[in-house]
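First up is the structure itself, then whatever we jot down about it.
The structure displayed is predicted, hence computed values, not measured ones. As a basis for the values below, the full set of heavy atoms in this structure was taken, side chains included, without hydrogen atoms, waters or symmetry mates.
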Number of protein chains: 2
Amino acid sequence: MEEKRHMVGGISRKTLERLPVYHHYLEQKGKEKAETISAPSMAADLKLNEVQVRKDLAMVTKTGGKPKMGYLIRELIRDIEEFLGFHNTNQAVLVGAGSLGKALLTYKGFEQYGVEIVMAFDSDGRKVNTKIGGKLIFPFVKLENLCQRMNIHIGIITVPAYAAQEACDHLVAAGVKAIWNFAPIHLSVPDHVLVQNENMAVSLSALSKYLYEAEKEGR
Amino acid sequence: MEEKRHMVGGISRKTLERLPVYHHYLEQKGKEKAETISAPSMAADLKLNEVQVRKDLAMVTKTGGKPKMGYLIRELIRDIEEFLGFHNTNQAVLVGAGSLGKALLTYKGFEQYGVEIVMAFDSDGRKVNTKIGGKLIFPFVKLENLCQRMNIHIGIITVPAYAAQEACDHLVAAGVKAIWNFAPIHLSVPDHVLVQNENMAVSLSALSKYLYEAEKEGR
DNA sequence: TAGATTGTTAATCGATTAACAATC
DNA sequence: TAGATTGTTAATCGATTAACAATC
């Protein structure tokens with residue numbers, strides 16, 4: 001049975017990308033003492049189409065909204081969190097304790113999204129056995145063995161591009177099911193492994209292109 | 001005249017996202033002594049559709065490919081770089097010298113994509129006047145004045161979510177035209193300013209959701 | 001009741017893919 | 001020539017938006 005590339009668990013990737021945006025927005029609103037929210041006001045604030053907002057919410061909410069009243073904020077937050085699986089935390093390992101890896105190891109916000117980095121790997125002997133953000137750095141050669149034994153499901157790749165495929169292969173061999181890739185390179189993985197690319201080069205290119213166009217058009 | 005949201009300089013955002021991927025791939029191939037490349041082989045390696053590759057390349061290349069031979073790698077690289085405006089470097093400032101900000105300040109790969117970070121701002125007095133990655137940290141209150149005087153076009157936001165909109169407002173007031181936002185929050189900006197969100201929460205949510213589904217389905 | 005809002009069905013729009021003629 | 005490959009036109013597919021009935 002072939003799985004559609006753009007679908008994850010029955011909803012479109014586009015919707016999936018908007019859910020965390022809604023989640024963050026609703027948490028903000030919740031702090032401001034608001035109890036309910038309407039799709040048109042959410043859409044206006046987030047610059048989205050109101051029907052799109054309603055359809056997205058319909059994918060996750062059990063009780064739905066009430067005409068003239070909108071949705072209950074607390075309920076929506078809970079529904080989104082359950083839908084996205086925030087509450088069943090997955091353990092992750094990080095490969096490559098360079099500056100970006102260090103930033104991710106010290107970042108506090110991941111657990112909110114159901115991901116906990118439990119350790120890191122690096123081939124630089126000077127980093128091995130030190131701690132960053134409270135997480136111990138192990139030698140790269142122990143990656144496969146340790147990940148397998150600890151039944152780790154998520155690998156985060158922050159090594160340079162030339163080392164990324166090798167890191168990826170070891171993670172896959174260890175049984176990792178999802179890879180969060182920060183190296184600007186296309187990774188080859190078996191079909192059952194999800195690769196989520198965080199490609200900064202893409203964003204930069206888009207910015208650069210936009211400014212290039214803006215200049216040409218004399219804006 | 002209204003500009004289509006999903007178009008940047010006449011090409012679709014999807015194509016724009018793939019161009020840096022092609023660029024990196026072609027540079028790899030170029031190093032391996034290859035001189036030409038065909039759309040089918042690129043498509044196979046990058047797991048894309050071959051017609052899509054051809055169409056994307058047709059958007060940027062002047063001379064096109066030759067039947068039976070494919071495209072000249074060096075030429076494609078040059079065309080993509082010119083199209084994306086890699087060669088006219090834009091100066092950028094970074095706001096928020098925390099762990100992520102530090103990672104970006106020390107990262108070497110940006111200039112390749114036409115973006116040079118020239119300085120950073122932080123409201124923490126202990127960081128002010130120190131250097132990270134060779135770039136000087138200025139007090140946050142000087143942001144608007146300095147950016148305006150130096151005619152900076154790109155702002156990179158790596159402050160916490162609660163401080164992001166304020167940082168954004170100052171950047172916009174200083175005349176910045178494009179913002180690269182790492183805070184997990186929707187920024188309100190005037191229409192002429194481009195916001196490029198690097199939302200790690202979105203990626204994490206997708207990973208988390210994928211694993212959640214995989215478990216449910218017993219994979 | 002009137003008006004705001006929801007949820008759904010139908011129309012539109014854009015991006016992807018298939019089909020195919022042209023060409024080296 | 002035969003076969004690989006390009007480039008383009010047409011068909012398909014999915015996501016967005018418009019229209020509208022239902023409801024509080």
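- Of the nucleotides present, C:dA15 is the one that pairs with D:dT12 by Watson-Crick or G-U wobble criteria, both distances under 3.5 Å.
- Using the Watson-Crick or G-U wobble rule with both distances under 3.5 Å, C:dG7 pairs with D:dC20.
- Across the protein-nucleic acid pair, B:Ile37 atom CD1 and D:dA4 atom P stand 17 Å apart, rounded to whole Å.
- In this structure, B:Lys55 places its NZ atom 11 Å from P of C:dT17, rounding to the nearest Å.
- The nearest pair of heavy atoms linking A:Val193 to A:Val189 is O-CG2, 3.7 Å.
- For A:Lys68, whose side chain is taken as the heavy atoms from C-beta onward, the closest listed nucleotide among D:dT16, C:dG3, C:dT16 is C:dG3.
- Of the candidates D:dA15, C:dT23, C:dT17, the closest approach to any side-chain atom of B:Pro67 belongs to C:dT23.
- Atom P of nucleotide D:dT5 and atom CG of B:Leu57 are separated by 15 Å, given to the nearest angstrom.
- Phosphate proximity of C:dA15 to B:Arg18: absent, as no side-chain N or O sits under 4.0 Å from OP1 or OP2.
- Within the 4.0 Å cut-off from OP1 or OP2 of D:dT9, not a single side-chain nitrogen or oxygen of B:Arg54 is found.
- Spacing between atom CZ of B:Arg13 and atom P of D:dA15 amounts to 18 Å, rounded to whole angstrom units.
- Rounded to whole Å, the distance from CG on A:Leu72 to P on D:dC24 is 14 Å.
- One can place CE of B:Met69 at 16 Å from C1' of D:dG7, the figure rounded to the nearest angstrom.
- As a whole-Å value, the separation of B:Glu50 CD from D:dT5 C1' is 8 Å.
- When each of A:Lys66 and B:Val51 is assigned the nucleotide of DNA chain C with its nearest heavy atom, A:Lys66 is the one assigned upstream, toward the 5' end.
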Exercise for review: Given side chain to side chain contact (heavy atoms under 4.5 Å, CB included), test B:Glu198 with A:Glu198 step by step and report yes or no.
Suggested key: CA-CA 8 Å; B:Glu198 199 71 51; A:Glu198 199 72 52; 3.3 Å; yes
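- Ring centroids of B:Phe121 and B:His170 are separated by 6.0 Å or more, keeping the two rings apart.
- You'll find that the side chain of B:Ala39 is closest to D:dT6, out of D:dT6, D:dC24, D:dT17.
- Nucleotide C:dG14 holds its C1' atom 14 Å from the CD1 atom of B:Ile11, rounded to whole Å.
- In this structure, B:Leu76 CG and B:Met42 CE are separated by 7.0 Å, a value rounded to the nearest 0.5 Å.
- Each of A:Asn49 and B:Thr61 has a nearest nucleotide on DNA chain D; the 5'-most of these lies closest to B:Thr61.
- A:Glu111 and A:Glu116 get closest at one heavy-atom pair: OE2-CG, 3.9 Å.
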